[in-house]
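Note that the numbering runs from 1 along the sequence shown for the chain. Atoms within each ligand, like the ligands themselves, are counted from 1 in listed order.
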Amino acid sequence: MNLRITTLPGDGIGPEVTAQAVRVLAEVARGFGHQLQIDKKEIGGEALTKFGNPLPDVTIQSCLASQAVLLGAVGAPAFDHNPRELRPEAGLLRIRKELGAFANLRPAVFYPALAACSPLREEVVRGTDILIVRELLGGLYFGEPRAIEGADDARDTLHPRHALNTMRYSEPEIERVARVAFTLARGRRRRVLSVDKANVLECSRLWREVVTRIGADYPDVQLAHMYVDSAAMMLVLKPAQFDVILTENMFGDILSDQAGGVVGALGLLASASIGGPVGLYEPVHGSAPDIAGKGIANPLGAILSVAMMLRHTFQLSSEAACIETSVMAALQAGLRTADLARGSERSISTDAMGEKIAEYVRAAAAVKTSVAS
Ligand code: IPM
Ligand code: MG
């Protein structure tokens with residue numbers, strides 16, 4: 001198979017982790033007999049520096065011409081005071097929109113080998129395997145109108161400034177992401193928890209109504225609803241009870257970081273943003289400017305994002321599983337990047353971790369090929 005991919009390494013640790021993800025992808029391609037065609041483009045702070053635009057047209061064109069996009073991270077402190085449209089994050093939000101990626105899948109899985117990394121007791125967190133399905137193109141992130149209005153002068157107390165954002169959801173927007181969640185639940189434990197704030201927000205009341213209606217089309221999937229505050233608490237108290245969590249954009253942003261904290265492995269969290277013609281795959285951890293360039297970032301989130309790409313865009317589930325089992329094997333063998341090392345555990349570099357995973361993949365692919373022949 002020919003795999004046509006655009007990579008957007010971006011800012012901070014993005015380039016370092018993307019390089020390792022591409023290295024592992026190349027190993028998979030070699031081992032399983034696929035051709036790779038990779039086009040590297042700019043996004044975020046890097047693109048702002050080069051082109052004065054966090055998402056140049058050439059980047060959009062390349063992404064739209066490929067089958068999948070692998071993104072590292074965006075965000076750099078140098079641009080913190082820029083107007084919204086000229087911040088690195090604006091590039092990320094726009095590429096999601098340009099690709100029509102309305103469903104953001106964020107798995108949070110507890111790895112027994114990393115029990116020491118979770119802040120929770122092992123008996124609480126053991127068995128945690130959550131898939132957050134976050135709506136990605138609606139709600140407060142994109143709602144209009146939005147503005148900061150009023151006098152520029154903070155001393156003008158007669159006309160204090162005010163700010164406004166709009167939370168807006170249409171029925172079709174809720175419907176399409178709900179269908180993704182129900183469909184994915186069928187490949188798991190067949191439970192969907194829809195998270196909202198229906199006791200306060202109109203958007204959430206519509207959300208609950210529409211999700212309930214769509215749920216009737218999936219009678220084999222058990223649907224429940226929970227308010228977001230309560231879900232945040234249960235996520236810490238009983239994380240193992242969750243299967244698929246379906247929620248709107250902002251709640252999903254918050255709960256997915258929380259879920260990462262619960263399993264104690266933010267550096268391992270991968271994501272897929274799907275629904276449009278081209279899937280977007282990225283680690284959840286962000287650009288981490290404080291450790292950028294030091295060679296200590298954890299590449300596993302980016303590597304596991306490649307696994308999600310192979311599964312969701314290319315339907316190559318054996319290849320995806322090969323990466324996932326390689327990551328698990330590496331963790332079981334005690335390999336750790338600095339963020340995962342506890343007590344006396346030795347840590348290895350970003351590059352060394354990527355090399356190790358590639359080695360595991362090579363070995364697994366060799367076994368597979370010799371069994372097949
Ligand atoms: C995420 C990030 C982004 C978001 C930021 C960087 C715009 O926090 O992917 O979760 O809020 O969606
Ligand atoms: Mg976030």
Row check, Tyr141 ring normal vs Arg134 NZ/CZ: under 6.0 Å, within 45°
yes

Is the positively charged end of Lys97 above the ring of Phe142, judged by distance under 6.0 angstrom from the centroid and angle within 45° of the axis?
yes

Just heavy atoms, cut-off under 4.0 Å: does Arg87 contact ligand 1 by side chain, backbone, both, or neither?
neither

Contact between ligand 1 and Glu282 is defined here as a heavy atom of the residue under 4.0 Å from a ligand atom; is it met?
no

Is it true that the NZ or CZ of Arg176 lies under 6.0 Å from the centre of Phe102's six-membered ring and within 45 degrees of the ring axis?
yes

Under 4.0 Å, counting heavy atoms only: does Arg106 come that close to any atom of ligand 1?
yes

Can you say whether the rings of Trp207 and Tyr169 are parallel (under 30°), tilted (30 to 60°) or perpendicular (over 60°)?
perpendicular

Please state which protein non-hydrogen atom is closest to atom 12 (O) of ligand 1 and give its distance, to 0.1 Å?
Arg96 NH1, 2.7 Å

Closest non-hydrogen atom pair, Leu86 against Pro54:
CD2-CD, 4.5 Å

Return the residue, atom name and 0.1 Å-rounded distance of the protein heavy atom closest to atom 8 (O) of ligand 1.
Asp253 OD1, 3.2 Å

Which protein non-hydrogen atom lies closest to atom 5 (C) of ligand 1, naming both residue and atom, and how far is it?
Leu92 CD2, 4.3 Å

Does some non-hydrogen atom of His285 fall short of 4.0 Å from ligand 1?
no

Within-4.5 Å side-chain heavy-atom neighbours: Ile5 and Met309:
yes

Given the rule in the side-chain hydrogen bond (donor to acceptor under 3.5 Å, both in side chains) test, do Glu209 and Thr212 qualify, once you have shown the distances and angles that lead to the verdict?
CA-CA 5 Å; Glu209 208 181 281; Thr212 304; over 6 Å; no

Hey, is there an N, O or S on Asp253 sitting under 2.8 Å from the Mg ion (ligand 2)?
yes

Taking 4.0 angstrom as the limit and counting only heavy atoms of Tyr141, give me the atoms of ligand 1 inside it, by number and element.
4 (C), 11 (O), 12 (O)

Where ligand 1 meets Arg134 - atom numbers and elements under 4.0 angstrom, heavy-atom basis
1 (C), 4 (C), 9 (O), 10 (O), 11 (O), 12 (O)

